[in-house]
Amino acid sequence: MRAFDLHAQTLLQTIFSARRDVRGKHFQSTPIEDEVLRKILEAAISAPSVGFSQPWKFIIVQNVAKREAIYNEFVSENAKAAKLFDETPLYASLKLEGIKESPLNIAVLYQKPTKTVLGQTTQKKMGEYSVVCAIQNLWLMARAHNIGVGWVSILRPKKVKKILGIGDEYKLIGYLTMGYVSEFLDEPELLKLGWEEKKTLNEVVEWV
Ligand SMILES: Cc1cc2nc3c(=O)[nH]c(=O)nc-3n(C[C@H](O)[C@H](O)[C@H](O)COP(=O)(O)O)c2cc1C
C-alpha cells in the first residue's frame with residue numbers, strides 16, 4: 001500500500017485552498033503547453049465514475065468565432081439573470097466569465113449510456129455526477145500547474161451544443177475557461193465582495 005505523509009497531506013490541502021474560480025482580466029493569453037494540458041486532462045479522466053463508465057468527453061474550444069458566439073449567448077443570458085437580482089449594481093459589477101480572455105475553453109460533456117450502467121440503475125444522475133468529479137480533478141490539477149479555471153454556467157446548454165455541433169448523445173455538464181493567470185485571489189471573490197459568507201464545518205456537518 002502506498003502511504004502518504006504529512007508533507008503530501010499539507011500540499012494537497014494547500015492546492016485545495018489555493019484553487020480559485022478565475023474570470024476575465026485575471027487570465028493571460030499565454031498558451032497552455034500541449035504536455036501540460038495533457039497532464040490536466042489525464043487528471044480529469046482519473047476521476048471516479050459510476051460503474052467505471054467514464055462517461056466524459058472534453059471538447060477543446062479554440063475557434064475564435066465559436067467562442068464569440070458562446071460569449072454572446074452568455075451576454076444575453078446574463079442580462080436575464082441581472083433582472084432576477086433586481087439589476088443591483090453589485091450583480092452588474094460582477095465579471096462572471098472569461099470566455100474570450102482565456103486562451104482556451106473546454107466544454108465537458110456527459111455521454112449518455114447505450115447500455116445499463118452498474119450503479120446507475122436506481123439514481124440516473126450518477127453518470128452526470130461522475131463528470132463533475134472529472135471537472136474537479138481537472139480544476140485542481142490545473143491549479144497545481146498554476147493554471148486557472150473558470151466555470152461558466154450562465155449559458156443555455158442547448159445553444160452551446162448547437163454552436164459546437166454536439167450531438168444528442170451528449171449532455172453539456174460544464175463550460176470551462178482555462179489559462180495562466182496574473183493572480184489567484186486568496187479567497188473566493190464572492191466572499192471578498194460580501195455576496196456570500198463562508199460556511200463553517202459546524203454549520204454543514206451533522207452527526208446522527
Ligand atoms: C457548478 C458551478 C458553476 C459555476 N458557475 C459560475 C459562473 O457561471 N460564473 C462564475 O463567475 N462563477 C461560477 N462558478 C464559480 C463559483 O462562483 C465559485 O466557485 C465560488 O464563488 C467559490 O469561489 P472559488 O471557486 O474561487 O473558491 C461556478 C462554480 C461551480 C462549482
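Index from 1, following the sequence. We count ligands from 1, going down the list as the structure has it; atoms in each ligand are counted the same way. Not measured: the values here are computed from a predicted model.
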K.L.:
Starting from atom 27 (O) of ligand 1, which protein heavy atom do you reach first, and at what distance in Å?
P.N.:
Arg20 NH2, 2.9 Å

K.L.:
Less than 6.0 angstrom separating the ring centers of Trp195 and Phe85, yes or no?
P.N.:
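So the answer is yes for these two rings.
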
K.L.:
For Glu189, is the nearest heavy atom under 4.0 Å from an atom of ligand 1?
P.N.:
no

K.L.:
Identify the closest protein heavy atom to atom 10 (C) of ligand 1: which residue and atom is it, and at what distance?
P.N.:
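Heavy-atom neighbour on the protein nearest atom 10 (C) of ligand 1: Leu96 O, 3.5 Å.
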
K.L.:
Answer yes or no: is there a side-chain heavy-atom contact under 4.5 Å between Val50 and Val117?
P.N.:
yes

K.L.:
Flag the pair Glu101 and Lys95 as a salt bridge only when some basic side-chain nitrogen lies within less than 4.0 angstrom of an acidic carboxylate oxygen.
P.N.:
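Counted as a salt bridge, because a side-chain N and a carboxylate O are separated by less than 4.0 Å.
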
K.L.:
So, Ser46 and Glu42: side-chain donor and acceptor under 3.5 Å apart, yes or no?
P.N.:
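No.
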
K.L.:
Does Ile40 reach the side chain of Met178, with side-chain heavy atoms less than 4.5 Å apart?
P.N.:
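Touching, per the 4.5 Å side-chain cut-off.
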
K.L.:
Is any N or O atom of Glu97, backbone or side chain, closer than 3.5 Å to an N or O atom of ligand 1?
P.N.:
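So ligand 1 has no N or O lying under 3.5 Å from an N or O of Glu97.
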
K.L.:
Is Lys171 close enough and on-axis enough to Tyr110, meaning under 6.0 Å and within 45°, for cation-pi?
P.N.:
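Cation-pi check for Lys171 and Tyr110: fails.
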
K.L.:
Heavy atoms only, cut-off 4.0 Å: how does Leu190 contact ligand 1, side chain, backbone, both, or neither?
P.N.:
side chain

K.L.:
Look at atom 18 (C) of ligand 1 and say which protein heavy atom is nearest, naming residue and atom and giving the distance to 0.1 Å.
P.N.:
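Going atom by atom, the protein heavy atom closest to atom 18 (C) of ligand 1 ends up being Asp21 CB, 3.8 Å.
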
K.L.:
Counting only nitrogen or oxygen atoms and a 3.5 angstrom limit, does Val152 reach ligand 1?
P.N.:
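No.
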
K.L.:
Do you see a donor-acceptor pair shorter than 3.5 Å between the side chains of Glu203 and Thr200?
P.N.:
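Yes, Thr200 and Glu203 have a side-chain donor paired with an acceptor closer than 3.5 Å.
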
K.L.:
Is Ile59 reachable from Leu41 through a run of hydrophobic residues whose side-chain heavy atoms are each under 4.5 Å from the next?
P.N.:
no

K.L.:
Below 3.5 Å, N or O to N or O, backbone or side chain included: is there any such pair between Arg19 and ligand 1?
P.N.:
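Right, the criterion is met.
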
K.L.:
Would you tell me whether Asn105 and Tyr71 have side-chain atoms, one donor and one acceptor, within less than 3.5 Å of each other?
P.N.:
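Their side chains do not contain a donor-acceptor pair, so the 3.5 Å distance test is not met.
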
K.L.:
Report the nearest protein non-hydrogen atom to atom 13 (C) of ligand 1: residue, atom name, distance rounded to 0.1 Å.
P.N.:
Trp151 O, 3.1 Å

K.L.:
Who's the nearest protein heavy-atom neighbour of atom 11 (O) of ligand 1, and how far?
P.N.:
Arg23 NE, 2.8 Å

K.L.:
Quick test: of every protein heavy atom, which one is nearest to atom 4 (C) of ligand 1, and how far off is it to 0.1 Å?
P.N.:
Ser153 OG, 3.5 Å

K.L.:
What residue and heavy atom of the protein are closest to atom 22 (C) of ligand 1, and at what distance?
P.N.:
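I find the closest protein heavy atom is Pro188 CB, 3.7 Å.
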
K.L.:
Protein heavy atom under 4.0 angstrom of atom 6 (C) of ligand 1, is there one?
P.N.:
yes

